[in-house]
Every structure is written in structure tokens, then in C-alpha cells.
Amino acid sequence: MLDRKFILENIEAVKLNCKNRNVVADVDRFVELDQARREKQQELEALNRESNAVAKQIGKCATPEEREAKKEEGRAIREKLVALEKEVKDLEAQEDLVQRTIPNMAHPDSPIGNDDGSNTVVEYGPTPLPKWSEGFKPLDHVELAEKYDLIDFEGGARVAGAGFYFLKNEAVMLELALEQFAVNKLVKKGFTPMITPDVARNDVLQGTGYIPRGAETQIYSIDKTDLSLIATAEITLGGLLANETIDSEKLPLKLCGVSHCFRTEAGAAGRASRGLYRVHQFSKVEMFVFCLPEQSESFHAELLGIEREIFDDLKIPYQVVDTATGDLGGPAYRKFDIEAWMPGRNAYGEVTSTSNCTDYQARRLNARYKVKGEKGSHFVHTLNGTAVAISRALLSVLEMGQQEDGTIVMPDALLPYLSFDRIGPKN
RNA sequence: GGAGAGGUGGCAGAGUGGUCGAAUGCGCGGGUUUGCUAAACCCGUGAGCUCGUAAGGGUUCCGCAGGUUCAAAUCCUGUCCUCUCCGCCA
């Protein structure tokens, strides 16, 4: 959420931001509701004051008659109080609903545009695009997986439906190697490694900006509980500080979470979805940072730098994209994606995403920090970034590693975690 | 899954219907004393919202949500969490 006062003091800027982000939010309605709510709140507080005063007098009444009279007075106030409380609550709920639809402000440098067509490429990775000889047709990862018995899509579909799969043989080792590679790197960079729950309470989902139920939801919910399968460890890691006030000295908190991720991909039918590219379940190593407001921009650069380093190490060509305002989603102030070159699609495809959510996510989560010796508390800033989304990284490694002799060479960076350096025909 | 116990301020820990935003201790901040340090002593010390230029005021908050009552940390219901014991189990 955006700060209530900020909205009221920057109505025009907030409206323009909604327009740039292609989000429909009724800012005027919010202002009206806030005004009305505050007036009612004042009334309520006045009445409360009265009620408290009467209640206090009763304790000191000398005679039973006096007491009864005061009680009657109290009862009358209470009746009014109940009605007024309901009014205030209703207004609050309405106001909150509108406030939640207002997206975060965008970074002044974020490209302005309605959709991903306005995303701008800001740089390319150092690994060159593959140069195969004339006439060599690279296989895509589905064909490679078939050839070397690495992934069982049919089995996955039989057991759990389309979009699920079994990894087999070297693909299993590759998943584990990618995880270890990423986690080891992050630990060296001061991140605390965590394996998180794969489910979370729905209020944690909402706090991090995910909508657990509804027609458009990306989220699988678990029947008869208020739990959902997580779409990313961002949810569980973000929830870690929900309703907490942390000492500023303990910040920044750099966390790296390993989890499974589940996505319904509702409405994604027909979109590029062959093979591992768009699946209902995958594993992911995610970075998450809680920090002071003045630190968030530099941490955002750090997260992007780590993502680049990982794909540099894996020898995968990529481009870095500065996400346009219309494609940012609700919580991000700024977002960079890495799009890896995928020979099978003959195109770049998103493999990581890192967002600076400033205090937007923290406000919903109610994650605060306190500076020793200072009055009050403030909202932390939160950032998240993909270290490795295994499914897509695996796809990239397989497709990029293929040689003209048909074998698939593993990147050096993974060799410490693998018992083979090449995938080829089985004996 | 069964049986109990409990969730109070940064921490520990009192408080079982009104005088409780909450004793006391520790911690923390400031001060006095002191050659320095320590000790001792004194004063102060939660957060949210809101009114006010400010000083300051009001209101809400004792896990969370409801209920009873003129009045709830305190009584009732539900719920979440923690701990102990038993059972089951990778």
C-alpha cells in the first residue's frame, strides 16, 4: 500500500502514476472516503470520551440511586456508540479496499509505457549468442530431454495434469547443482540461506501482494484451510517480518530462500508454454532483502549484479530489461528482468526478475524498524530477486550447452556440484 | 490425534471487573556524585491513529476475533501460537 497521507498530499502525482502503470484506481473516491472516515472517527472518539467519563463516575457513586441513573446514561451512550463504530468500520474497510488498488509510485527512470512493449533493454551480458555451423539445427530442451531421457512430461501429466513433469537422470542432478551453486554464491555474499515452507497463510500472501482466491488468481489454495501453495519464496520470506518491529541495527537482512513454487497460470493458455518454460511447479532460489529506505536503491543494483553474475557463470547470453511502468505490477517501484537467450524459441525469455518494492509491501505486511533513541517506527524497504528459477535455468543450460555432436556440455561453474561434465548417449 | 498449562511493554514478571497503559526488576536514555572507571542515587523511557504551528490534548492497543457489562488485561466463546505429557509417524 501507499501511505495514506502521501496519497492525500500528492493526489495528482498518484493519479498520473496510476495512468502510467495502466492501473484503474479511484483516487478521488479514496480521498472522499478518507475525509468521511476521519469525520466519523472524530465523532466516535468524542463519544468514547463521554462514555469513559460516565463509566468512571459509576465506580465512585455513593448511593444506589445515583448509580442506576448513571448506568442508564451509560447504556444510552453505548447504543449510539455501537452504531457509530459500525459506520467507522465500514468506511475503513471501503477505504482500505480502494487504497489497496493504488499501485506503488514508479522510479523516475522507469520507462513509461502501458505494457511490456515499452520495456527497454539496458544492457547485454558478456556471453555471445551461440555460433553453430551453417546447417546445424539446435534442438530445443524438450527434444533434448526426450533424446537423453531427462524429463517425463507425459508421466507428469498423468499424475498431476498438464504443466507438471518428472525430472529424471542428469536433469535431477542439474537441478540440485543449480541450487547448490546459487546458494553457495549467495552465502559468500552474506545472505542467510533458508529453506522455506512451500505453503503460507492467505494473509501473508495478501501482505506480499498476492491474491489467493478469485478468477484471475495464480495461486493454488488448499481446500478447507486458509493456506495456499506459494508462488515464490518471496511470500514466505516477506512474511517473516509481518507485524514485527525490528531494531534498525539488525538491518539489512539478506535472505536467500529455497522453495518450490506453484502457479496455476490461469489465463496463460496459448502463451509460449512448450516444455519447461511455463509450468505449474518449479524450484527456485530467491533473494530477499529487508533494509533501511536509504539502502534500497543500492541493494537493488546488488541483486541485479548477482543475477547477472550467475548467468555469466553459466555462460548464458542475456539481455537486461528495465521494466516499463505498465508492466511493473502493484508493489514494484522499479523492476529489472534478465532475459536469457533460448535457442529453442529463437528468442529471449525471462529467467529472473528483481524488484525494489520500497515500503509498499512493508506497509501491507506491517514490517517496521525502530531506531534506538528515536521516537516511533518506520516501514522497512523490501526487495526481491530471482537467483535461479530452476526450470528456466535448466532449459537454458540444456539448450545452450548442446554441441554439434549432439552432446550437452555442462558449464564449468556447475562442475563442482556434478558427477559428469557432459550429457550424451547412454551406454 | 488425546490430556494439561500458558500467551501482558525491549526482556523478565505482577496484576482475576472500575483508582490499570498497566506494579516491580533488568535493560535503555539523561543527570548528580567521582581524579578516571565502576558503584550509588535521581529523573525519564511502548506503539498506532487523530487534533494542534507548537507546547500539549484525545483515542485505540495486554496473541487475534467476537461476546457479556455502564465499565474487561481481568468473565464467556472461537481462533492462532508456545510449552509439557501420551499416542502415532518420516
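All values below were derived from every heavy atom in this structure, side-chain atoms included, with hydrogens, water molecules and symmetry-related copies excluded. By convention in this document, chain letters (A, B, ...) are assigned in the order of the sequence lines, proteins followed by strands, and residues within each chain are numbered from 1.
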If you measure from the [atom1] atom in [N] to the same atom in [M], how many Å do you get, rounded?
N     : M     : atom1 : answer
B/G21 : B/G30 : C1'   : 23 Å
B/U16 : B/C11 : P     : 23 Å
B/G13 : B/C83 : P     : 16 Å
B/C75 : B/C89 : C1'   : 40 Å
B/G48 : B/U53 : C1'   : 23 Å
B/G18 : B/C86 : C1'   : 44 Å
B/U79 : B/A23 : P     : 33 Å
B/C81 : B/C26 : P     : 36 Å

Which whole-number value in Å describes the distance from [X] [atom1] to [N] [atom2]?
X        : N     : atom1 : atom2 : value
A/Arg363 : B/A47 : CZ    : P     : 18 Å
A/Glu79  : B/A71 : CD    : P     : 12 Å
A/Asp226 : B/U79 : CG    : C1'   : 10 Å
A/Met1   : B/C49 : CE    : P     : 11 Å
A/Arg49  : B/A71 : CZ    : P     : 18 Å
A/Asp203 : B/C80 : CG    : C1'   : 10 Å
A/Gln41  : B/G48 : CD    : P     : 15 Å
A/Ile246 : B/A47 : CD1   : C1'   : 17 Å

Report the base-pairing partner of [N] (Watson-Crick or G-U wobble, both distances below 3.5 angstrom), or none.
N     : result
B/A40 : B/U32
B/A3  : B/U84
B/U59 : B/G48
B/C75 : B/G67
B/C26 : B/G10

Any side-chain donor near an acceptor of the partner, A/Arg21 and A/Thr325, under 3.5 Å: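 Result is no, nothing qualifies.
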
Distance-only side-chain donor-acceptor flag, A/Arg263 / A/Gln281, under 3.5 Å: no

Nearest-nucleotide 5' precedence on RNA chain B, A/Glu72 against A/Arg368: A/Arg368

Sugar-phosphate, base or nothing in reach of [X], heavy atoms under 4.0 Å:
X       : value
A/Gln57 : nothing
A/Lys5  : sugar-phosphate
A/Asn52 : sugar-phosphate

Respond yes when some side-chain nitrogen or oxygen of [X] is under 4.0 Å from OP1 or OP2 of [N], and no when none is.
X        : N     : result
A/Arg201 : B/C81 : yes
A/Arg38  : B/C51 : yes
A/Ser377 : B/G48 : yes
A/Lys370 : B/A47 : yes

Under 4.0 Å protein heavy-atom contact, by nucleotide of nucleotides 62-69 of chain B - B base, S sugar-phosphate only: ----S-SB

Pi-cation contact, A/Tyr277 with A/Arg392 (under 6.0 Å, within 45°):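 The answer is yes, since A/Arg392 meets both limits relative to A/Tyr277.
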
Steps toward salt bridge (Lys or Arg N to Asp or Glu O under 4.0 Å) verdict (A/Lys254, A/Glu302): CA-CA 11 Å; A/Lys254 296 164 73 177; A/Glu302 182 180 334; 3.0 Å; yes

Salt bridge A/Arg37-A/Asp34, side-chain N to carboxylate O under 4.0 Å: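 A salt bridge is present here (some side-chain N lies under 4.0 Å from a carboxylate O).
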
Check ion pair A/Asp327-A/Lys335 (N to O, under 4.0 angstrom): no

Parallel, tilted or perpendicular: rings of A/Tyr220 and A/Phe164 (30°, 60°):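 Judged by the thresholds at 30° and 60°, the geometry between A/Phe164 and A/Tyr220 is tilted.
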
Geometric class of the A/Tyr318/A/Phe311 ring pair [parallel <30°, tilted 30-60°, perpendicular >60°]: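 It falls in the perpendicular class, over 60°.
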
A/Asp322 and A/Thr120: CA distance, side-chain angles, deciding distance, side chain to side chain donor-acceptor pair (under 3.5 Å) verdict: CA-CA 5 Å; A/Asp322 196 345; A/Thr120 55; 4.8 Å; no

